[in-house]
Trainee: 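Let me begin by handing over the structure; questions about it come next.
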Amino acid sequence: MCGIIGIVGHSEVNQSLYDGLIVQQHRGQDAAGIVTCDHAGRFYLRKDNGLVKDVFHTRHMLNLKGTMGIGHIRYPTAGCSTSAESQPFYVNSPFGIALAHNGNLTNARALSDQLFKSDRRHLNTGSDSEVLLNVLAHELQTSNKLELQAEDIFNAVAELHKRCKGAYAAVAVIAGVGLLAFRDPFGIRPAVIGKRETEQGTEYMVASESVAINNLDFQVMRDVQPGECIFIDMNGGFYSQQCAENPIKSPCIFEYVYFARPDSMIDGVSVHKSRMRMGTKLAHKIKREFPDHDIDVVIPIPDTSRSAALQLSYDLGVVYREGFIKNRYIGRTFIMPGQMQRKKSVRQKLNAIDLEFRGKNVLLVDDSIVRGTTSQQIVQMARDAGAKKVYLASAAPPVRFPNVYGIDMPSPSEFVAHNRDVDAIAEELGVDWLVYQDLQDLVEATREKSGVERFDTSCFDGNYITGDIDESYLDYIDALRNDASKHSIEEDNTIIELHNDV
């Protein structure tokens, strides 16, 4: 999962891009990058591994000149996580194009071959985002025009949709031309557009989440629609067109479960309210399955489960308490590469408040359970703090299938739900009983009062909405994602890294 941002303004945009990335830092802590463009058509680039605050220093910000730019934050995906794969990516032909991308192209290998053999384009990394950029560049080049118009850009994106499969929400800048943003025909990954009025005129912004737009005092206009392309020229002219033949709004439901900030709106759905409804659905299930429960206190596993846990406690009529203190300076364990680092970080990240556990029957609430490694340790922390019984509720169903649309979940064999029923999972996690959200309840909780036609729920049910996923692709992803493979890649990383400061 990654975060993107793009701004077309009337003054320098470097600080706004930085601030927008900071607000979206939760979407990835592995790398960050910004490209700006001035009216002379010159690009200025800074990207590297690390948090936003560590990648950009004063000297870098001073060099990021221009009134138009894009930014990106990344967490490590399948393969390697070197700074050579930090975004944005850049090509100098045609015109000069820089692109930042959130998602995953499921036909990236086939496209790489096409780009080399047919399009005569060279790729310097193994990143599918570089593939996406070069497909866009090739389709723009076929226009054979010295000066691009909005129609040329829309035609290029329409051809890109025909070639690219999978999930992609992207922003790109074309030197001396403008900024474009587009989503795949299913709208799997989010993109929101906003604007603000200044004395110089209207400024526009695109971001992964509405919270970034609000934070920078832009007004949310709407979501970029599945298959749609937005184009904003250097003078602030705004153009949009549907570029896909059969778009179907199918956002990834895991955005609402875990990734997005609760104060964001994605495709017309409040993340906070959807999580509250998840809590209500869970409460109803607990009442059905454990009508005589003896829960004394509901405690969330911070941070993303708080909304669900608070509403669950209200609907159950059980007191809600904060039982864990979180160290804010430890990254999200779900997106940390390697199991050993993940195990070590849990104890560093959370500490139990003994008073809230001692002598009580505790219901822990989490947003989801993937490997179970974190859950095992947290359950043990609760017992060590003096809990009599420990129950666990997950706001999401069991994760049993790999996500191929941009969430770097582990190999399915590493899921705690792999080849286990709920009782076996409860035993593995060390809880007295375990309750999962039903998939239909999750969908209903998220869909309510929205125009979403369906959700991508593939990590729960194995139904891949793009229709192009077969066993050979799942085997390929599995080989990249298991911890043994990741460790091998990290040990044998011989890529020469080029650091671009300007």
Side-chain angles (χ1 to χ4, degrees), residues 1-7 13 16-34 51-53 69-75 87-88 100-104 167-171 179 181-184 186-196 203-226 228 230 249-276 278 303-307 331-332 334-335 367 403 405-407 446 450-452 455-456:
M1 188 63 57
C2 303
I4 58 173
I5 187 174
I7 299 177
V13 297
S16 292
L17 290 168
Y18 176 93
D19 293 341
L21 292 181
I22 286 286
V23 174
Q24 298 183 107
Q25 185 75 84
H26 59 283
R27 298 187 67 86
Q29 302 118 40
D30 184 61
I34 289 176
L51 299 173
V52 175
K53 67 180 181 62
I70 60 174
H72 185 267
I73 43 177
R74 184 197 72 184
Y75 85 95
Q87 299 184 43
H101 160 229
N102 173 30
N104 180 57
Y168 48 92
V171 287
L179 179 146
F182 55 92
R183 291 173 81 185
D184 67 78
F186 295 93
I188 299 171
R189 294 289 152 234
V192 188
I193 187 162
K195 68 177 181 179
R196 68 181 174 191
E203 298 181 328
Y204 292 95
M205 173 180 175
V206 179
S208 290
E209 294 188 31
S210 64
V211 65
I213 292 174
N214 296 330
N215 190 264
L216 270 67
D217 293 326
F218 283 72
Q219 288 186 326
V220 173
M221 295 171 60
R222 59 181 177 84
D223 297 276
V224 179
Q225 295 303 303
E228 183 184 26
I230 304 289
K249 186 179 287 186
S250 310
C252 174
I253 205 164
F254 223 81
E255 290 279 356
Y256 304 92
V257 169
Y258 175 78
F259 274 106
R261 271 181 45 159
D263 45 347
S264 282
M265 294 280 295
I266 297 177
D267 286 313
V269 178
S270 164
V271 175
H272 172 62
K273 286 188 176 179
S274 69
R275 290 176 182 170
M276 290 179 68
M278 292 174 204
D303 283 317
T304 43
S305 67
R306 282 197 172 104
S307 298
R332 300 176 91 174
F334 176 85
I335 55 180
D367 53 82
N403 184 288
Y405 299 127
I407 302 177
T446 312
S450 77
V452 175
F455 291 96
D456 167 52

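The basis for the numbers below is simple: all heavy atoms, side chains too, and nothing from hydrogens, waters or symmetry mates. Keep in mind that this is a model prediction, so the values were computed, not measured.
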Trainee: For Q219, give me all partners under side chain to side chain contact (heavy atoms under 4.5 Å, CB included), at least two apart in sequence or on another chain.
Mentor: none
Trainee: Could you pull out the closest heavy-atom pair between L179 and G69, with the gap in Å?
Mentor: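 Looks like CD1-O, 3.7 Å.
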Trainee: Mind checking what makes ring-ring contact (aromatic ring centres under 6.0 Å, His included) contact with Y405, not counting sequence neighbours?
Mentor: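 Result, ring-ring contact (aromatic ring centres under 6.0 Å, His included) vs Y405: none returned.
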Trainee: Please walk me through it: do L216 and I7 pass side chain to side chain contact (heavy atoms under 4.5 Å, CB included)?
Mentor: CA-CA 11 Å; L216 270 67; I7 299 177; 4.1 Å; yes
Trainee: Should R222 and E228 be marked as a side chain to side chain contact (heavy atoms under 4.5 Å, CB included) after you check the CA-CA gap, both sets of side-chain angles, and the distance that decides it?
Mentor: CA-CA 12 Å; R222 59 181 177 84; E228 183 184 26; 2.8 Å; yes
Trainee: Can you tell me how far OG of S208 sits from NE2 of H26, rounded to the nearest 0.5 angstrom?
Mentor: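 So the NE2 of H26 and the OG of S208 are separated by 8.5 Å.
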Trainee: How long is the span from the CG atom in L17 to the CD1 atom in I34, to the nearest 0.5 Å?
Mentor: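 One finds 5.0 Å between CG of L17 and CD1 of I34.
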Trainee: Are the side chains of Y204 and M221 in touch, meaning some heavy atoms are under 4.5 Å apart?
Mentor: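 A side-chain contact under 4.5 Å exists here.
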Trainee: Using the test side chain to side chain contact (heavy atoms under 4.5 Å, CB included), find all partners of D367 that sit at least two apart in sequence or belong to another chain.
Mentor: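 By the side chain to side chain contact (heavy atoms under 4.5 Å, CB included) rule, D367 matches V257, Y258, T304.
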Trainee: With no hydrogens and no angle check, is any side-chain donor or acceptor of S16 less than 3.5 Å from a backbone partner on V13?
Mentor: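 Such a contact is absent between S16 side chain and V13 backbone.
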Trainee: Identify the heavy atoms of A167 and D184 that sit nearest to each other, and give their distance.
Mentor: CA-OD2, 3.4 Å
Trainee: What is the distance from atom CG of D456 to atom CD of E255, rounded to the nearest 0.5 Å?
Mentor: 10.5 Å
Trainee: Return the minimal non-hydrogen interatomic distance between V271 and A260, and the atom names on each side.
Mentor: CG2-CB, 3.8 Å
Trainee: Testing I70, I73, N102 for side chain to side chain contact (heavy atoms under 4.5 Å, CB included) with I4, which one passes?
Mentor: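 With I4 as partner, I70, I73, N102 yield a single side chain to side chain contact (heavy atoms under 4.5 Å, CB included), made by N102.
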Trainee: SG of C2 to CZ of R189: how many Å apart, nearest 0.5 Å?
Mentor: 9.5 Å
Trainee: Is the backbone of A212 close enough, under 3.5 Å, to the side chain of Q24 for a donor and an acceptor to pair up by distance?
Mentor: no
Trainee: I need the full list of salt bridge (charged side-chain N to carboxylate O under 4.0 Å, His left out) pairs touching residues 257-266, with sequence neighbours left out, sorted by first then second residue.
Mentor: R261-D263
Trainee: Taking side chain as C-beta onward, heavy atoms only, is Y256 less than 4.5 Å from I266?
Mentor: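 Counting from C-beta outward, Y256 and I266 do come under 4.5 Å.
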Trainee: Can you see which heavy atom on P88 is nearest to which on G33, and at what distance?
Mentor: CD-C, 3.6 Å
Trainee: Is the closest side-chain heavy-atom distance between I407 and F259 below 4.5 Å?
Mentor: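 Yes, their side chains come closer than 4.5 Å.
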Trainee: Side chains of R27 and E209, heavy atoms from C-beta outward: is any pair under 4.5 Å?
Mentor: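 R27 vs E209: side chains touch.
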Trainee: If I take atom CG from residue L21 and atom NE2 from residue H72, how far apart are they, to the nearest 0.5 angstrom?
Mentor: 9.5 Å
Trainee: Could you work out, with side chain to side chain contact (heavy atoms under 4.5 Å, CB included) as the rule, every residue matching D223, not counting sequence neighbours?
Mentor: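 Per chain and number, D223 pairs via side chain to side chain contact (heavy atoms under 4.5 Å, CB included) with R183, V192, Q225, D267.
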Trainee: Nearest 0.5 angstrom please: M265 CE to S450 OG, how far?
Mentor: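 It comes to 9.5 Å.
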Trainee: Does the side chain of F455 reach to within under 4.5 Å of the side chain of S250, using non-hydrogen atoms?
Mentor: no
Trainee: Would you mind reporting whether H101 and R74 have side-chain heavy atoms less than 4.5 Å apart?
Mentor: no
Trainee: Are the side chains of F218 and E203 in touch, meaning some heavy atoms are under 4.5 Å apart?
Mentor: yes
Trainee: Take I193 and I230, measure what side chain to side chain contact (heavy atoms under 4.5 Å, CB included) needs, and give me the verdict at the end.
Mentor: CA-CA 9 Å; I193 187 162; I230 304 289; 3.6 Å; yes
Trainee: Considering non-hydrogen atoms only, spot the tightest contact between A181 and V224 and give its length.
Mentor: O-CG1, 4.5 Å
Trainee: Would you say the side chain of L51 lies within less than 4.5 Å of the side chain of Q25, judging by non-hydrogen atoms?
Mentor: yes
Trainee: Could you tell me which residues satisfy side chain to side chain donor-acceptor pair (under 3.5 Å) with S307, sequence neighbours excluded, listed by chain and number?
Mentor: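 Side chain to side chain donor-acceptor pair (under 3.5 Å) check on S307 returns H272.
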Trainee: If every non-hydrogen atom of F186 is compared with every non-hydrogen atom of P226, which pair is closest and at what distance?
Mentor: C-CB, 3.8 Å
